[in-house]
Amino acid sequence: MNLSLLILIPLLTAILLLLLRNAAQVKWVALAGSALQLILAFVLLYTFHQQRIEGNTAQMLFETTYNWFPSWGISFHLGVDGISVAMILLTAFVVIAGVLVSWNVTKMTKEFFFMLILLSLGAYGFFISLDLFILFFFLEIAVIPKYLLIGIWGSGKKEYSANKLALMLMGGSALVLVGLLGTYFSGGVHSFDLLKLAQLQIPVQTQMICFPLLFVGFGVFTALFPFHTWVPDGHSSAPTAGSMFLAGISMKLGGYGCLRIATFLMPQAAKEYATIIIVLSVIAILYGAFATMMQKDLKYINAYSSISHCGFVLLGIGMLTKTAITGAVLQMVSHGLMTALFFAIIGMIYERTHTRQVREMSGLLKKMPFVITLLFIVGLCSLGLPGLSGFVAEMTVFVGSWQHPDTFSRTATVLACLSIVVTAVYILRAVTKIAMGPLTESFDQLKDAAWNEKLAAIILLAAILAVGLAPNWLINLVSPGAEIIMQKMQ
Amino acid sequence: MPNTTLILLIILLPLAGFVMLGIYGRKFFRNTSGVIATSLLLLSTALAFYTAYGYFFKYGKTGGVYQKLVPLKYTWLQFSPGLSIDMGIIIDPISVMMLVVVTFVSLMVHVFSLGYMKGDERFPTYYAFLGLFTFSMLGLVVSSNIFQIYFFWELVGVSSFLLIGYHYDKPSAVAACKKAFIVTRFADVGFLIGILVLSYSSGTLDFNTLIATLTSPQTNEYKNAIAASFLGISALTWGLVLVFIGAAGKSAMFPLHIWLPDAMEGPTPVSALIHAATMVVAGVFLVARLFPVFAIVVPSALNLVAYVGAFSALFAAVIACTQTDIKRVLAYSTMSQIGYMMFALGVSKYGGENGLGYTASMFHLFTHAMFKALLFLGAGAVIHFVHSNEMKDMGGLRKLMPITHLTFLIGCLAIAGVPPFAGFFSKEEILLAAYQHNQSIYWIALIISALTAFYMFRLYFQIFWNKEHHPHGEHHGEGGLSMMMPLVLLAIGAAVAGFIPFGHFVSSDGTRLDTGFHLQFSIAPVALCLAGIFIAMRLYKKQNAMPQKLAASLKGFYKAAYHKFYIDEVYHFITKKIIFNLIGRPAAWFDKYIVDGLVNATGNGTEDFSATIKKFQSGKVQSYAIYFLAGAIGLALLFIYIWK
Amino acid sequence: MTGATIIFYLLAALTLVSGLLAVTTRMIFRAAIYLLFCLIGIAGIYFWLQYQFIAAVQIVVYVGGIVVLIIFSIFLTQQAGEKLPKQNLGRQLYSMLAVFCGLALALVQLAQYEFVITDGKPVEPTVANIGKQMLGVDNGGYALPFEIVSILLLAALVGCIVIALKSKTETA
Amino acid sequence: MNDFLTLMKPELALTGIIFLLLFIKIGKGMGNERLLLLIQVLLLLNFLTGFFFNKPGSLFDGMYLTSGLIVLQKNILNLAVYLISLLFANWFKKSQHMPEFFILMLAALLGMFFLISSGNLLMFFLSLELATIPVAAMANFDLDKKRSSEGAMKMILSSAFSSGIMLFGISLIYGATGTISFTEIPLQLHGSTLEVLAFIFFFSAFAFKLSIVPFHLWTADVYEGSPMAATSFLSVVSKGTVAFIFLSVLYKVFLPLQMLWYNLLVIVSIATMVIGNLFALRQQNIKRFLAFSSIAQVGFILVGISGSSIQGTSSVVFFILVYVFSNLAAFAVADAIASKTDAEEIDDYRGMYKTNPFLSWVLALALFSLAGIPPTAGFFGKLFLLTAGASKGSYLFIIIAALNMIISLYYYLRVIRAVFMEKNENPIEKITIEPSTKLALVFCSAGIVLIGLLSWIYDYIESLA
Amino acid sequence: MIQPGLYHILFISAALFFIGVYGFFTRRNLVTMLMSVELILNSVNLNFIAFNKYLWFDKMDGLFFSIFIIAIAAAEAAVAIAIIINLYRSHKSIDVEQAEELRY
């Protein structure tokens with residue numbers, strides 16, 4: 001399996017999109033491209049699994065290296081482990097769903113899908129790169145599509161949100177950059193290669209400087225408290241597919257980076273800073289949850305809840321046990337799928353009712369049973385109902401966190417557990433208000449989901465169920481990766 | 001040996017019904033869905049009985065002791081070596097008993113609903129939800145892994161939520177389902193943390209291993225669990241108490257009971273199934289499941305169980321005396337009866353004769369399922385008939401609904417503990433157990449049994465006697481066969497279930513326990529119970545002014561009881577005023593004005609700063625030159641004199 | 001105290017005083033004349049240093065060229081008798097401060113630095129030597145800079161013509 | 001003699017073109033369009049010949065140096081000038097003094113070539129003046145605009161003043177070392193305080209040319225007043241040149257003072273980035289905006305220069321190459337709009353995407369490249385600068401630099417926002433652009449996208465450095 | 001009064017330099033500013049000549065430097081005056097403070 005296909009296919013799709021003139025063609029090409037991505041992701045999963053079964057125990061599989069700026073020690077080095085494969089699958093799912101729900105975009109259709117595909121390109125590239133430079137390259141490549149998606153196709157105070165998002169994310173990546181440079185020079189080999197750097201013992205002093213830079217930098221992407229404020233505004237102003245991508249993929253870039261780069265390369269510092277990370281993530285979990293409770297706009301609700309949910313990712317990483325890290329990755333996948341579906345549904349509701357204010361909606365279950373049923377399911381997933389992905393992820397994080405016997409970690413875990421009540425409160429308040437109760441009269445004529453929306457929702461739901469009902473395949477995929485990170489810790 | 005496939009079928013058939021009806025019901029099975037679901041469940045029930053027969057009479061016993069069999073164990077989610085969520089089946093007396101109870105009551109409800117819910121718009125959805133619930137409940141009772149039980153625990157919670165909120169366009173139903181979910185969810189956090197504590201203490205999540213490890217004093221895990229302490233209480237105690245919080249939430253123990261009365265917003269058959277016979281006893285079941293650990297290792301936690309149970313039972317009984325909504329009366333009575341079961345467990349010890357409370361509790365669980373389901377379904381029939389839940393709209397129905405009347409009366413007698421109905425036997429054992437181990441609880445229990453008789457017959461008389469009923473509008477009889485048949489079947493159950501030698505099958509350590517009938521001991525409770533019935537008859541058989549007078553004379557107390565001792569208001573205050581206003585609002589405010597404000601302030605500050613320094617770009621070329629020279633000189637000074 | 005010394009100090013005084021007056025007097029024409037004296041004073045110092053060639057160039061280019069150019073431009077742009085506008089006090093103070101600091105710094109640095117003196121053979125700055133080296137190509141010949149300056153002058157010329165010819169194109 | 005021809009080929013070619021233009025002007029003259037075409041062809045040839053018959057060497061007793069890198073730098077400048085001749089075709093065709101403009105521009109370019117090749121302080125000074133004085137005249141080429149002559153006045157006076165300061169510094173260096181040759185100066189420098197003073201005075205001229213804070217104040221005014229072609233020449237070619245020579249002056253001539261200039265660079269580069277960005281933040285006029293943004297860019301160049309010599313050199317040269325494409329494209333779009341509609345304010349650009357998608361995309365690409373967003377080459381350019389600068393290990397410096405990228409992104413996005421997002425009742429009308437300009441814009445865009453991705457370009461530069 | 005030497009000339013030149021700088025800072029008339037520039041350049045010339053005479057008499061670098069400076073000064077002055085005249089045409093003034101349209 002040649003990993004560069006994962007970059008090439010979105011790239012070719014994007015180029016092809018630029019050449020097309022007709023909006024209908026654009027849509028189908030984008031759909032075909034994203035379907036191809038999904039197929040490719042499955043092929044990757046299969047071949048990866050096959051390789052593992054055959055006993056290939058290398059940390060990274062399918063490694064490919066092309067020369068690129070050799071004088072800087074940069075190479076186009078690609079490779080995947082289970083964690084990356086999981087993230088790639090997530091991306092593929094979200095992308096195809098995102099394309100499907102955007103079927104009705106009429107304003108600058110070509111540009112819209114171009115941006116979507118470009119964004120997916122950035123995500124794939126990020127997840128498969130083993131060279132810090134190209135990783136950073138792909139991290140930043142995704143910033144502008146996000147900005148334009150929000151700014152051009154968004155709603156509400158979109159310019160403000162787009163600006164805030166772009167600037168804060170750039171701020172995060174600026175810190176990442178400095179951290180990367182520090183790593184680059186401290187290693188003594190002047191190489192950006194992740195695997196080469198991993199073999200070195202980076203001096204603890206450098207670790208103590210670079211780790212916070214990297215962690216906070218990536219943390220901005222994944223809504224680390226208090227750098228999360230781009231999340232609510234950004235998500236709520238973005239068009240549906242934009243929010244899906246933002247929350248489903250983009251926020252995961254941060255978590256992945258925290259894990260793959262910060263924690264993996266600098267285990268000593270990770271240990272030293274674990275307390276702070278745990279405190280911040282617990283704050284994010286609870287504070288995000290409580291703040292969500294007070295929101296009235298559906299997108300804000302989901303955005304704030306994302307802060308809370310991404311807190312679990314960081315908590316898992318901060319806890320530094322194999323189970324917790326596995327849980328963090330699971331939570332990334334789960335949250336990605338779930339929040340993408342949530343945003344897709346919010347989009348569907350908004351498209352019909354033209355409002356996102358919870359209090360203006362009531363009894364919609366009567367008029368659009370499909371959409372609202374999914375809203376229920378995704379809400380339940382969000383509050384961690386067994387059988388859906390959220391449960392698996394959260395429980396793994398909890399169990400992993402509990403493996404620390406000290407009172408501090410225990411307290412943190414207990415506090416984090418408490419959030420599931422708050423989650424239940426805000427999810428149910430919103431969902432029941434929208435779905436149940438007497439039907440608002442003005443919504444008498446609403447139609448249920450169209451084929452594209454149904455397909456998008458079902459694709460995501462299938463993924464959520466696949467994780468929620470049979471989690472072991474995913475855990476077996478992910479945990480060797482977590483194992484390696486933990487081995488470095490010793 | 002148990003047939004794994006058959007047991008799996010018991011559990012999975014309702015699930016199949018859910019999936020099929022949930023996805024295709026609205027399209028293809030609009031009218032047939034009830035029949036489909038009922039027949040699936042009938043099959044399931046039959047299999048459950050078959051399994052029970054097999055277990056109790058054929059293969060269950062080895063050396064006179066009922067074994068815990070684990071015919072199926074599938075690792076569903078592996079956390080770390082030794083720590084995994086297994087989806088498995090455990091077959092032991094209580095799980096088999098629960099299989100029977102759940103499938104049977106569920107079947108009755110399914111059948112009853114065929115008539116009760118006829119013509120409802122979302123008929124298929126209703127049966128789908130029932131299927132989901134039954135599946136979850138069955139999954140719960142056979143759980144072999146503590147996390148598996150949590151898994152189904154949550155599913156049970158959500159299906160309960162769905163069923164309570166079945167009439168989703170009614171705001172009160174929406175509020176009730178939300179409340180039920182959130183309150184139990186809150187308790188579940190306790191359960192979850194408890195699981196974490198126990199799992200860490202024992203290093204496993206598997207019930208059998210967990211119990212084995214924690215009850216044998218020589219293992220390291222046991223020593224560590226006892227030694228590790230937090231706030232002066234051992235980790236194990238914490239774990240069990242937390243698990244009990246979860247159990248208390250599901251089983252509506254004080255103070256987590258507030259959801260149960262509101263849950264009566266659901267369709268009445270649902271109340272019968274979930275909020276009387278099955279789900280609410282999940283808490284009792286959970287404590288029973290972990291009973292060896294409770295009883296052997298941490299008796300203090302068990303004491304807590306006993307007192308919470310006893311208090312809840314009394315508390316609910318008092319409130320039940322004042323309620324006017326028949327379903328609410330039944331709800332409080334349920335709470336009271338579950339309190340009974342709880343404290344029965346609480347006063348029990350492990351093994352042999354001392355384990356009487358355990359057996360009694362399970363026995364009461366069993367009989368209670370019969371008569372409470374019967375009462376609820378009867379109430380359902382009444383409500384179906386008069387289209388109201390309020391007692392004041394009823395009265396004199398005995399002639400109009402003879403079958404209902406009769407079966408309801410049997411139910412009332414059973415719950416009141418009048419011999420020889422089922423309730424009498426189970427209560428008798430409970431009282432005996434309490435008398436043996438905890439006298440104070442015994443006295444409370446006696447009072448409760450009188451109260452029970454009183455409020456049940458208050459209900460009975462107000463519905464079926466009291467004033468004459470003047471039906472208005474069309475009149476559609478008692479409901480068809482589908483509604484009457486379950487009533488009759490359950491009534492038979494309520495009448496005769498007491499004669500089952502329960503101790504032979506279910507006991508704390510699996511050995512045979514002979515429970516005798518002690519005449520002298522029964523006198524007091526039966527007398528109290530008859531007194532209660534008598535008072536109720538005096539007050540409510542004929543319409544008169546005495547109840548009002550009585551209520552007036554009790555004034556404050558009556559009012560407080562009528563308002564359920566203002567527990568709801570306290571909760572309301574805590575959630576709305578404290579959590580929302582003191583945590584949620586400040587958090588949102590902090591986010592908007594401080595965190596976000598700081599970000600915006602950075603931006604604005606930069607812009608403002610930029611506006612202030614713009615005057616340096618004055619357009620005056622001479623100023624530029626001065627800055628130029630000043631810059632050069634400044635740098636020169638810096639590097640010559642300061643930064644060498 | 002030799003005559004040369006006295007002459008030097010006189011020249012120095014002439015240069016500095018007229019330089020100062022050139023930048024402070026408010027009569028623009030007088031300023032030009034003071035500038036002239038100042039430049040002549042510098043030329044005098046060159047003479048005093050026995051660098052006759054450069055002194056001559058100084059007088060020819062500066063006195064003969066630049067100052068005349070300046071005076072012409074003064075005539076073109078301003079009535080000669082008018083007093084110059086006054087600079088505001090703040091600017092003057094800041095300027096003085098900056099200049100004073102700069103001067104102090106420069107003087108201190110110059111004074112404390114011990115210059116080394118070459119041990120090479122002196123080269124007489126005669127016109128012949130200068131001419132030879134100016135047009136030489138190697139051994140430190142200055143032919144290339146010379147050419148650069150010529151291009152520069154050409155470019156300056158072109159530029160001046162375009163800019164100054166503006167009125168002509170306007171009328172045309 | 002043969003050596004002379006090959007080594008000085010770029011200068012000789014330029015001189016030839018200058019004189020050809022001069023003769024044409026003096027002679028019967030030519031229509032603007034034909035002449036422009038001729039010039040474009042000549043410049044293209046000039047650019048292309050830059051790639052052949054090159055070899056390193058020195059002439060005139062070391063006054064004139066050349067090497068592969070220097071030739072490359074000259075080629076970059078040639079390319080920039082060629083692009084200018086294409087990109088500003090609109091303005092050139094309208095201009096009454098086009099041949100003179102080109103004479104001056106090429107004379108300045110010639111000065112820049114000598115500047116890059118200069119081997120002693122005298123050559124340095126003379127070519128610097130040659131590179132400056134004609135530009136001041138060019139700045140005044142919008143003859144009927146007040147602002148143009150105001151800008152030119154500011155430029156010539158400031159540059160004369162800066163020359164004075166620089167010369168004072170040079171005279172002290174001469175006094176202290178006894179030589180003006182670049183090869184001998186480092187042998188005589190000992191780091192005394194007088195040398196520090198002299199160096200800083202000398203440095204201030206570079207700072208002036210590169211618009212380093214606090215020597216930058218003329219920049220925006222001159223950029224705004226000048227015709228767009230002159231502005232872009234000033235901001236791209238002139239800056240690039242000075243950066244090139246700055247590299248070799250620092251790395252070679254003032255190597256003994258490395259500690260000094262490293263610290264100096266850290267201070268001024270931080271100041272430059274911050275001030276440039278802060279001023280750019282609130283500009284409305286697109287030229288002023290680009291002026292301040294280019295000041296901030298210089299701050300980044302300084303970060304790169306502060307690094308070690310090979311990586312510093314190659315990253316700076318690479319960045320200038322990128323900068324040529326990005327900045328010229330941005331200026332060209334602004335010019336295309338300004339010359340048709342007189343719109344120079346950013347607010348006038350609102351809703352432009354509807355009417356002029358091509359120009360909008362080019363502008364967006366250029367600005368993204370300036371902001372350093374991948375996949376544009378600006379990303380690589382900035383990253384290499386930062387990496388080179390980080391080699392000295394001062395994290396704070398790099399953090400400040402990186403944070404400045406955020407501020408700069410903010411104001412670049414302001415333009416993007418106006419163009420793509422904001423609604424406008426009357427957006428700029430549809431602008432038809434000259435085919436040659438369009439071609440050049442496409443070429444610039446391709447360059448912006450590809451220069452970074454094709455790593456051999458950088459490798460080639462590094463191999464020369 | 002002591003025998004004048006290198007330092008004397010250097011002091012004079014430094015003083016002259018800063019006199020020129022002062023003039024440049026404070027004269028509002030563009031032509032007089034140009035005159036100040038000439039003073040600055042002259043002081044530099046003086047420096048070069050002095051160094052050449054007293055220190056580095058083995059070569060004539062300083063001398064040549066000053067010759068070229070003079071040439072450059074002339075060219076610069078010519079262009080500057082052309083620009084000033086142009087400015088005068090459009091602004092009707094050569095007061096530097098009248099030419100402050102470009103700012104902020």
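Below, read A as the first sequence line, B as the second, and so on, with proteins coming before strands; counting in each chain starts at 1.
We find the OH-CG distance between E/Y7 and C/L110 to be 8.0 Å, quoted to the nearest 0.5 Å. Annotation: the span from E/F24 atom CZ to E/L34 atom CG amounts to 9.0 Å, rounded to 0.5 Å. Atom-to-atom distance recorded for C/Q92:CD and C/K86:NZ is 7.5 Å, nearest 0.5 angstrom. To the nearest 0.5 Å, the span separating CD1 on C/I163 from CD1 on E/I83 amounts to 4.5 Å. A distance of 7.0 Å separates CD1 in E/I69 from CG in E/L41, rounded to the nearest 0.5 Å. Between the CD1 atom in C/I33 and the CE atom in C/M27 there is a gap of 12.0 Å [rounded to 0.5 Å].
Each of C/A155, C/A106, C/A31 has some count of heavy-atom pairs under 4.5 Å with chain E, and the biggest count is that of C/A31. With respect to chain E, the highest number of heavy-atom pairs below 4.5 Å among C/V67, C/I70, C/T15, C/I148 belongs to C/I70. Among C/V149, C/L153, C/L16, the residue making the largest number of heavy-atom pairs under 4.5 Å with chain E is C/L16. Chosen from E/F25, E/F17, E/Y54, the residue pairing most often with chain C at heavy-atom distances under 4.5 Å is E/F25. Annotation: maximal heavy-atom pairing with chain C below 4.5 Å, among E/I85, E/N29, E/L6, occurs at E/N29. Comparing E/K53, E/H8, E/M33 by heavy-atom pairs within less than 4.5 Å of chain C, the highest count is held by E/K53. Chain E forms the most heavy-atom pairs under 4.5 Å with one residue out of C/A156, C/P125, C/P122, C/G120, and that residue is C/P122. Looking only at heavy-atom pairs under 4.5 Å with chain C, the residue among E/A50, E/A71, E/A74 that has the most is E/A74. Most heavy-atom pairs under 4.5 Å with chain E: of the set C/M96, C/M134, C/Q87, this distinction falls to C/Q87. Interface check for chain E: of the options C/T24, C/L76, C/V99, the most heavy-atom pairs under 4.5 Å are formed by C/V99.
Both the backbone and the side chain of C/N129 have a heavy atom closer than 4.5 Å to some heavy atom of chain E. The contact between E/L46 and chain C is made by backbone and side chain atoms together, counting heavy-atom distances below 4.5 Å. Both the backbone and the side chain of C/V116 come within contact range of chain E, with heavy atoms under 4.5 Å apart. Neither the backbone nor the side chain of C/Y94 comes within contact range of chain E; no heavy atom of the residue lies under 4.5 Å from a heavy atom of that chain. Looking at C/A12, both its backbone and its side chain come within 4.5 Å of chain E, counting heavy atoms on both sides. Both the backbone and the side chain of E/L10 come within contact range of chain C, each with at least one heavy atom under 4.5 Å from a heavy atom of that chain. In this structure, chain C has heavy atoms under 4.5 Å from both the backbone and the side chain of E/I9. Residue contact with chain E, scored on non-hydrogen atoms closer than 4.5 Å, involves the backbone and the side chain of C/L20 alike. Interface residue E/N42: backbone and side-chain heavy atoms are both found under 4.5 Å from chain C. For E/A80, no part lies near chain C; criterion is any non-hydrogen pair under 4.5 Å. In this structure, the portion of C/I45 lying under 4.5 Å from any heavy atom of chain E is its side chain and not its backbone. Using a 4.5 Å cut-off between heavy atoms, E/F68 touches chain C through its side chain atoms alone. Residue contact with chain C, scored on non-hydrogen atoms closer than 4.5 Å, is absent for E/E76. With a threshold of 4.5 angstrom between heavy atoms, C/A111 approaches chain E through its backbone and through its side chain.
Legend: residues meeting ring-ring contact (aromatic ring centres under 6.0 Å, His included) with E/F18, ordered by chain and number and at least two apart, are absent. The ring-ring contact (aromatic ring centres under 6.0 Å, His included) test applied to E/F51 returns C/F115, not counting sequence neighbours.
The shortest distance between side-chain heavy atoms of E/F65 and E/N47 does not fall below 4.5 Å. Contact of the C/I71 side chain with the C/F29 side chain is registered, since non-hydrogen atoms from C-beta on lie closer than 4.5 Å. Inter-residue side-chain proximity for E/R28 and C/R91 is flagged as unmet; no heavy-atom pair is nearer than 4.5 Å. Contact check for E/I72 versus C/L152: side-chain heavy atoms found under the 4.5 Å cut-off. E/V96 has its side chain out of reach of E/R27: every pair of non-hydrogen atoms, C-beta onward, lies at least 4.5 Å apart. By the 4.5 Å heavy-atom criterion applied to side chains, C/L10 and C/I7 are not counted as neighbours. The closest side-chain heavy-atom distance from E/V31 to E/Y88 is not below 4.5 Å. Using a 4.5 Å heavy-atom cutoff, the side chains of E/D61 and E/F48 are not in contact.
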Please report the C-alpha distance between C/Q58 and C/V63 in whole Å, then the side-chain angles of each, then the deciding distance to 0.1 Å, and finally whether the side-chain contact (heavy atoms from CB on, under 4.5 Å) criterion is met. CA-CA 7 Å; C/Q58 168 89 355; C/V63 180; 5.8 Å; no
Could you walk me through whether E/I70 and C/I54 satisfy the side-chain contact (heavy atoms from CB on, under 4.5 Å) test, starting with their C-alpha distance in whole Å, then the side-chain angles of each, then the deciding distance to 0.1 Å, before giving a yes or no? CA-CA 10 Å; E/I70 291 171; C/I54 186 80; 4.0 Å; yes
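Against chain E, the residues from residues 34-42 of chain C that qualify, each with a non-hydrogen atom under 4.5 angstrom away, are C/L35, C/C38, C/L39, C/I42 in number order. Contacts of residues 46-53 of chain C with chain E at a heavy-atom distance below 4.5 Å involve C/Y46, C/W48, C/L49, C/Q50, C/Y51, C/F53, listed in sequence order.
Under a cut-off of 6.0 angstrom, the local environment of CD in C/Q112 is crowded, with over 12 non-hydrogen atoms contributed by other residues, nucleotides or ligands. Within a 6.0 Å radius of CZ in C/F146, no more than 12 heavy atoms belonging to other residues, nucleotides or ligands are found.
Ring geometry for C/Y142 against E/F64 counts as parallel: the plane angle stays under 30°, on a 0 to 90° scale with 60° as the upper cut.
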